Amino acid sequence: MSMLRICRGIRNNVSSSLTFSRLIHSLQFATIKAEEISGSQPAEVHNLVHGKWMKSDNWNTIPDPLNGEPFIKVSEVDENGIKPFVESLSKCTKHGLHNPFKSPERYLLYGDVSAKAGYMFSLPEVSDFFAKLIQRVSPKSYQQALGEVYVTGKFLENFSGDQVRFLARSFGVPGNHLGQQSHGFRWPYGPVALITPFNFPLEIPVLQLMGALYMGNKPVLKVDSKVCIVMEQMLRLLHACGMPAEDVDFINSDGLTMNKLLLEANPRMTLFTGSSRIADKLAYDLNGRIKLEDAGFDWKILGPDVNEVDYVSWVCDQDAYACSGQKCSAQSLLFVHENWNQTSLMSHLSYLAGRRKLDNLTIGPVLTVTTEAMLEHKNNLLKIPGAKLLWGGEELENHSIPKVYGAIKPTAVFVPLEQILKAEHYELVTKEIFGPFQIVTEYKNSQIPMVLNALEKMHAHLTAAVVSNDPLFIQEIVGKTVNGTTYVGLRARTTGAPQNHWFGPAGDPRGAGIGTPEAIRLVWSCHREVIYDVGPVPRNWQIPPST
Ligand SMILES: NC(=O)c1ccc[n+]([C@@H]2O[C@H](COP(=O)([O-])OP(=O)(O)OC[C@H]3O[C@@H](n4cnc5c(N)ncnc54)[C@H](O)[C@@H]3O)[C@@H](O)[C@H]2O)c1
């Protein structure tokens, strides 16, 4: 690095820490106030490319999910506007912005950015700002929204100081002769893309984006337009914490435009989080240069050992209906051992579902499935012999949620196990409904092979829970299934993607992970082996016969 660049780096660091010290007790990074966004005072979301915020002429107006008012204007880039993004990404070489042999000081820079951003998240005014902003665009209870902010803050704290450089830890093995050693390094991909859905507007993009940056990549980020305002504000926070403005491009667009950008800019790796349909399309379009966090049809088995009925019911209710069932880890299929019939489990579950209220957003708008579609799904399920509605199955009352979104009461439909397994029903029963909707079924000991068969036939293997403290039962179920994030034990849940354990699907070579050092290394870096062979060549060495 030239002297000039070093001096500039120091100056930038000093000025960013001065900016930071001015910011720490304020929300100066923010350009909006979450509570004040409304139809009469709509907020604007801009794009970031080549280190500069920019607007396009094309505005996508987002309706307030609670009342339909046009409350956010997103400056969207259309197919004719992608050139600057293609150029910006193309400027990044395959060896990335940093790697163990190039600009290693940037590992420290990102340790510093993370420390500052983590500190910002520990300030109540900052965490409250993001929790309320999340609530405005992806309505969920304050506690659920704050949980998302908490996980994000802890993740940033985890990668402070030297933890970013430790992510790129290498290893060495002695060679065959003097002067030879092989070293394994974690190498960036260089230009990369990151696409995220609507349901976790902060946690998913921040954890993946920072992972990409830590490992030395230059990402272009696209978040679902319905919620992109949250990451727009987050990027402003990261800039205030010292992240170089050119390190990340941020594009707002529809899916087709993003698809075109991927084909033209040719990122070396794309991380996609979203539906399996789009995941498979992109895997094909990008010739497999992709990692996926796709759909979840997540199951929970209540084992034969019955205990702590109140606690287990509460976890079931949270897993199925918190965030109105719009977690990729939400409980979609509950297998109940017949022993639980002697307990109050079902009446508890019905009571807990019924106490959810729109007022406090413990139930709320469904952003990708309409009311009609969910009620039609329920009606189709009820045509299966032996199926019955357990609770819900109706539109929410007294709401002003616009028709483009869904609004139903927490719903459960019972379907007999033998019917689930029938070829003509299986697909319908295991269809992911990204809303407050679950299937419940019952099994006996003799039917455990049928339960396992139902799990084997699934195509998505994200989260699962085995609610039992019986080690032999746990062994049987875990040993014969594949879900990437599986909770076991009496307190097992299906939801929960904190920063302290791996979260991601298994059973698919394209499967990604999020949150932990292992996830970051797997998704955002590849292995490079450098074999040193410096000699000396043995004295009196002679050319041997060819082989
Ligand atoms: N596995 C996980 O960790 C995880 C996490 C959250 C959500 N999900 C899944 O996401 C789904 C819900 O989200 P959704 O309905 O918003 O998903 P989606 O697939 O419709 O959209 C996800 C993102 O992809 C973009 N997109 C759409 N078409 C595209 C294309 N052709 N090229 C590039 N980008 C495109 C969208 O604009 C959005 O930003 C559910 O299936 C859920 O299970 C999975």
Side-chain angles (χ1 to χ4, degrees), residues 33-43 61-72 128 131-148 198-199 201 224 226-227 229-230 313-314 316-327 330-332 346-382 388-414 433-440 495:
K33 289 197 172 129
E35 294 97 327
E36 290 178 7
I37 307 171
S38 66
S40 56
Q41 265 183 288
T61 305
I62 309 294
D64 185 328
L66 289 176
N67 59 25
E69 266 190 26
F71 79 143
I72 298 175
D128 182 66
K132 288 190 173 136
L133 192 55
I134 290 169
Q135 280 194 299
R136 294 301 309 271
V137 291
S138 181
K140 46 181 99 169
S141 69
Y142 185 76
Q143 233 176 332
Q144 288 288 327
L146 194 62
E148 184 176 343
F198 74 88
N199 61 339
D224 189 298
K226 294 191 273 302
V227 302
I229 193 165
V230 178
S313 322
W314 172 72
C316 284
D317 177 71
Q318 287 291 111
D319 279 345
Y321 303 130
C323 298
S324 303
Q326 294 168 101
K327 295 187 185 185
Q331 173 184 303
S332 298
M346 282 300 160
S347 57
H348 261 71
L349 286 178
S350 169
Y351 160 74
L352 292 171
R355 72 176 184 164
R356 294 185 168 274
K357 298 270 172 296
L358 185 56
D359 294 349
N360 57 12
L361 293 176
T362 48
I363 190 73
V366 174
L367 267 54
T368 52
V369 199
T370 60
T371 306
E372 291 73 47
M374 286 186 281
L375 295 182
E376 190 190 332
H377 184 65
K378 173 206 73 171
N379 291 337
N380 289 339
L381 287 166
L382 291 178
K388 59 182 181 206
L389 183 67
L390 294 174
W391 52 82
E394 291 173 350
E395 182 163 356
L396 289 177
E397 286 147 14
N398 304 322
H399 74 84
S400 46
I401 295 168
K403 277 234 172 278
V404 286
Y405 298 142
I408 66 161
K409 295 181 179 173
T411 297
V413 175
F414 178 87
I433 297 292
F434 213 48
F437 202 108
Q438 65 173 325
I439 308 289
V440 178
T495 57

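Just the heavy atoms: all of them, side chains too, but no hydrogens, waters or symmetry mates, feed the values below. Note that the coordinates shown come from a computational prediction; the quantities given were computed from them, not determined experimentally.
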Determine the sole option in Asn199, Leu367, Val366 for which the side chain to side chain contact (heavy atoms under 4.5 Å, CB included) test with Phe434 is passed. Asn199
Is the shortest heavy-atom distance from the side chain of Pro436 to the side chain of Ile408 under 4.5 Å?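 Yes - at least one pair of side-chain heavy atoms lies under 4.5 Å apart.
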Between Gln144 and Gln135, is any pair of side-chain heavy atoms under 4.5 Å apart? no
Of all the heavy-atom pairs spanning [X] and [Y], show the shortest one and how long it is.
X: Val137; Y: Ile229; value: CG1-CG2, 3.8 Å
X: Pro402; Y: Pro65; value: CD-O, 3.3 Å
X: Ala145; Y: Ala131; value: CB-O, 3.5 Å
X: Pro70; Y: Thr61; value: CB-CG2, 3.2 Å
X: Ile401; Y: Ala407; value: CD1-CB, 3.7 Å

Should the heavy atoms of other residues, nucleotides or ligands under 6.0 Å from CD of Gln143 be counted, would the total exceed 12? no
Nearest 0.5 angstrom please: [X] [atom1] to [Y] [atom2], how far?
X: Leu361; Y: Ser324; atom1: CG; atom2: OG; result: 7.5 Å
X: Lys378; Y: Met374; atom1: NZ; atom2: CE; result: 11.5 Å
X: Leu396; Y: Ile363; atom1: CG; atom2: CD1; result: 6.0 Å
X: Tyr142; Y: Ile134; atom1: OH; atom2: CD1; result: 10.0 Å
X: Gln41; Y: Glu36; atom1: CD; atom2: CD; result: 5.5 Å
X: Leu358; Y: His399; atom1: CG; atom2: NE2; result: 8.0 Å

Quick one: do Val227 and Ile62 satisfy side-chain contact (heavy atoms from CB on, under 4.5 Å)? Show the steps, please. CA-CA 9 Å; Val227 302; Ile62 309 294; over 6 Å; no
Check for a donor-acceptor pair, side chain of [X] on one end and backbone N or O of [Y] on the other, with a separation under 3.5 Å.
X: Asp319; Y: Thr495; answer: yes
X: Thr362; Y: Lys357; answer: yes
X: Arg136; Y: Ile37; answer: yes
X: Lys140; Y: Gln326; answer: no
X: Ser141; Y: Asn360; answer: no
X: Tyr321; Y: Cys316; answer: no
X: Ser313; Y: Met346; answer: no

Lys132 and Lys33: side-chain contact (heavy atoms from CB on, under 4.5 Å), yes or no, with the steps? CA-CA 9 Å; Lys132 288 190 173 136; Lys33 289 197 172 129; over 6 Å; no
Applying ring pair (Phe, Tyr, Trp, His ring centres under 6.0 Å), name anything that partners His377, two or more places apart in sequence or on another chain.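 Listed in chain order: Phe437.
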Given the rule in the side-chain contact (heavy atoms from CB on, under 4.5 Å) test, do Arg356 and Asp317 qualify, once you have shown the distances and angles that lead to the verdict? CA-CA 10 Å; Arg356 294 185 168 274; Asp317 177 71; 2.8 Å; yes
So Trp391 and Leu349, side-chain contact (heavy atoms from CB on, under 4.5 Å) or not? Walk me through it. CA-CA 9 Å; Trp391 52 82; Leu349 286 178; 3.4 Å; yes
